[in-house]
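Along the sequence shown, residues are numbered consecutively beginning with 1.
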Amino acid sequence: MRIGDCVLAVGSACCAVLLSACGPDLRLEEKLAEMGGAKELRKACEEVWPDPKDRVETNSDMFKHDELPEHCALRSLRPQFVSLNSYGPVMMYDIQTSGGFYHAGYLVTVNADDHVDVKDVPRSDSWKVRSMGDGVFTYEE
């Protein structure tokens, strides 16, 4: 095999590995079901932020996967990060499970009573956003 062929083969293999790591996570609904559904996802978020309104004071509004508490059910989703954000009057947990070339994850309203239409969910203007009920949404780029 020529050196040029080796470089091409190694480069192609590296690209395939990188793209698969950042590729689409088509199992968002399946992972949510395995976790126990929308209510369990909300409960897991509430364990990370018992009082989300205090997040600014504690400066604990974002966690990487390995920074989540050991027992936290969110770890089962293998998120890249979990954050708490304000989108206008609505606060939402953002559980990003895939990023890089392709973003995917979950958005969960802090208050289950907040009524949010899919069209009003952040990213819905350019990404695919689906309601899973109870203020829980999936998003995919």
Q: What distance do F137 atom CZ and Y106 atom OH have between them, rounded to the nearest 0.5 Å?
A: 14.5 Å
Q: Which atom pair, heavy atoms only, marks the closest approach of V110 to R42?
A: O-NH1, 3.5 Å
Q: CG/L84 to SG/C45 distance, rounded to the nearest 0.5 angstrom?
A: 9.0 Å
Q: If a pair satisfies salt bridge (charged side-chain N to carboxylate O under 4.0 Å, His left out) and one of its residues is in residues 95-111, list it, with sequence neighbours excluded.
A: none
Q: Would you give the length of the straight line joining atom CD of E141 to atom CH2 of W127, rounded to the nearest 0.5 angstrom?
A: 4.5 Å
Q: Which value, rounded to the nearest 0.5 Å, describes the distance between I95 atom CD1 and M35 atom CE?
A: 7.5 Å
Q: Taking V121 as the fixed residue, which of L107, T109, V90, T138 is the one that meets the side-chain contact (heavy atoms from CB on, under 4.5 Å) rule?
A: L107
Q: Taking only residues two or more places apart in sequence or in another chain, which ones pass ring pair (Phe, Tyr, Trp, His ring centres under 6.0 Å) with Y93?
A: W49
Q: Could you pull out all residues at least two apart from E34 that satisfy salt bridge (charged side-chain N to carboxylate O under 4.0 Å, His left out)?
A: R27
Q: Could you list the residues that satisfy side-chain contact (heavy atoms from CB on, under 4.5 Å) with S83, not counting sequence neighbours?
A: M62, F81, N85, D94
Q: Could you go through residues 64-74 and list every donor-acceptor pair under 3.5 Å that involves a side-chain atom there, pairing it with any protein atom two or more places apart or in another chain?
A:
from: H65; atom 1: NE2; to: R78; atom 2: NH1; distance (Å): 3.4
from: E67; atom 1: OE1; to: K64; atom 2: N; distance (Å): 2.8

Q: Please list, chain by chain and in numerical order, all residues satisfying salt bridge (charged side-chain N to carboxylate O under 4.0 Å, His left out) with R130, sequence neighbours excluded.
A: E29, E140
Q: How many angstroms lie between CG in L77 and CG in L28, if you round to the nearest 0.5 Å?
A: 9.0 Å
